[in-house]
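Read the structure below first, then the notes.
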Amino acid sequence: MTESKGQGKIVKIFDTTLRDGEQSPGASMNVDEKIVIARQLEKLGVDVIEGGFAASSEGDFESVERIAREVKQPIVLSLARAQEGDIKKALKAVDKAKHPGIHIFIATSDIHMKHKLRMSRSEVLDAAVAAISYARKHLDYIEFSAEDASRSDWEFLVQVFAAAARAGAKTLNVPDTTGYAIPSDFGALVRYLVENTAGGKDVTWSAHCHNDLGLAVANSLAAVANGARQVECTINGIGERAGNTSLEEVVMSLTTRKDLFGLETGIVTEQIYPTCRLVSQITGIPIPINKPIVGHNAFAHEAGIHQDGVLKQKQTYEIMTPESIGITGNRLVMGKHSGRHAFGERLKELGFNLNQIDMNRAFLRFKELADKKKEIYDEDIETVVAEEILRLPGRPDRYELLYLNVNSSTHGVPSATVKLRVDGEETVNHATGDGIVDACYKAIAKITGSRFRLVRYSVKAITGGTDAQGEVSCLIEDGNMQVSGQGAHTDIITASALAYINALNKAEYRRHYRELVAKEGP
Ligand SMILES: [Zn+2]
């Protein structure tokens, strides 16, 4: 394997769940949700957190700024185009970080330079150097990306990267922006760059892959085998289009095949599963059941011959253990008689920071659930916390569900009566629909005056049994605003109503925030 100075045996993990991951359709998160994820990423042990693209919106600026203040161990950086305005915003956003950084990018492929940038090769080269030199006056840690590197001319890449290293970039990133690369050619490209770029042995090489052909993880591993010592990834592989490199898959590949790679990461693998679940809860993007590492079936052995083997000796069919990624099993943790202290302790073990959440609300909700459901599992507790607490911390919800009555039979028209508290006032309305969920949503829309259109709706059972909590995720849209909502309840229709109301509350929060920004600036 090719190695270079300053790279050695450690592969740095750069997480971009909060930037590239958030570009997944329907994954938008509010600032408080991003902070919760950033804290968990710190616990997971990632080396770098890309908090956002500060110049892209006021919301992104605020996210990066708050993550920079609250996260201590990892480098926190903001993405920026190779333009002074972007760089100024990014520098300002990471100003309070313990380890601040900036990630400057410019496209280097002929197709991007010609049609998107309308710049010549030498103009692109000059812009990259000017941007890095400018940022270098204000901070130490600069990563430079040649966007669409996998479709760029190799000689031109060598020139641009050499100039970037000379100007002060510490990490040089090779993105497969369009998910076009194949492991053998991507590995060869990385090796070529490491060996031929002047100053290339004194920087860290990084890979940023997209999953359009399902090869993001394979391409990232090929890059590592050829000298890259940083991988950019997202939790659950979420991201633009088909997504990014999945953090859990890359890390567990390097860990499971240490015999082959001989490399380490700083990831606390036992935090992988809680992190993946948290991100899924917050974004409303479910983890596919056959997803490697963290899918529901990842450790389920169905074939008789496999089951027999695993019972005799786990390693016959298991290359890693569920415990190594933090799956503790559906452990029965609590019931009706569990006290506040036990509940608080369990929350801590599950990774929720008690100082930051409203313990009283979560505990009340837990007690309510324990009245309806005998056995409370870790997954139930996580859902209670996510549903009750992560939504709109520090700000009361505008809408609250008070009462719901639905009528449905194999004949007759489904109908729903809903009572909400809106700004403290109780209001009731009634509607019919194609089904009871539809009737319910129409009644809520009548009360709130919502013009949102339902784009996506999904239900899943969180734990087994007919008394399981159902979790509903929905995505609603009005003009250019898309908001996701989640709701959990032992009754699916109530969970559906809660999810819709949750989304409406988030939309209110966003509207309110936008108004504030318009008045006061970010
Ligand atoms: Zn990307």
Side-chain angles (χ1 to χ4, degrees), residues 12-29 34 37 41 46-57 60 63-64 75-82 86 90 101-109 111-113 116-117 128 142-152 157 160-161 164 169 171-183 186 189-190 193 204-224 228 230-250 279 283 285:
K12 287 198 225 159
I13 299 297
F14 173 117
D15 183 278
T16 185
T17 305
L18 300 172
R19 203 275 302 165
D20 223 337
E22 207 211 8
Q23 286 171 229
S24 314
S28 62
M29 303 167 233
K34 287 185 181 174
I37 291 177
L41 291 172
V46 305
D47 300 280
V48 183
I49 293 177
E50 185 161 59
F53 184 174
S56 73
S57 73
D60 256 43
S63 306
V64 180
I75 293 172
V76 176
L77 45 74
S78 167
L79 187 65
R81 285 169 296 187
D86 271 31
I102 186 168
H103 178 190
I104 298 171
F105 76 97
I106 192 162
T108 50
S109 63
I111 187 168
H112 275 231
M113 289 188 289
K116 188 179 80 175
L117 297 175
I142 298 166
E143 169 171 326
F144 172 74
S145 278
E147 189 188 8
D148 204 18
S150 54
R151 296 193 299 170
S152 301
L157 279 179
V160 175
F161 278 133
T171 298
L172 300 179
N173 183 42
V174 187
D176 179 27
T177 307
T178 55
Y180 176 73
I182 301 291
F186 195 63
L189 169 63
V190 170
L193 294 172
T204 300
W205 288 90
S206 168
H208 177 110
C209 298
H210 278 269
N211 208 29
D212 298 69
L213 294 173
L215 292 171
V217 171
N219 285 332
S220 302
L221 293 174
V224 167
Q230 173 175 286
V231 175
E232 304 198 357
C233 35
T234 62
I235 300 299
N236 298 329
I238 61 172
E240 191 83 45
R241 306 184 311 278
N244 287 57
T245 302
S246 140
L247 182 146
E248 60 279 9
E249 291 173 30
V250 158
V279 169
T283 57
I285 299 175

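All values below were derived from every heavy atom in this structure, side-chain atoms included, with hydrogens, water molecules and symmetry-related copies excluded. Residue numbers start at 1 and run along the sequence shown. Both counts, for ligands and for their atoms, begin at 1 and track the order of listing.
In terms of distance to the Zn ion (ligand 1), the nearest N, O or S atom of His210 is named NE2. Considering just the N/O/S atoms of Asp20, the one nearest the Zn ion (ligand 1) carries the name OD2.
For the 3.5 Å distance criterion, the side chains of Thr234 and Asn244 fail to qualify, holding no donor opposite an acceptor.
Screening Thr283, Val46, Leu41 against Ile235 for a side chain to side chain contact (heavy atoms under 4.5 Å, CB included) leaves a single residue, Leu41.
In summary, Glu232 places no N/O/S atom under 2.8 Å from the Zn ion (ligand 1), failing the contact criterion.
In plain terms, the two heavy atoms of Phe53 and Arg19 that are nearest each other are N-CG, 3.9 Å.
By the 4.5 Å heavy-atom criterion applied to side chains, Glu240 and Thr177 are not counted as neighbours.
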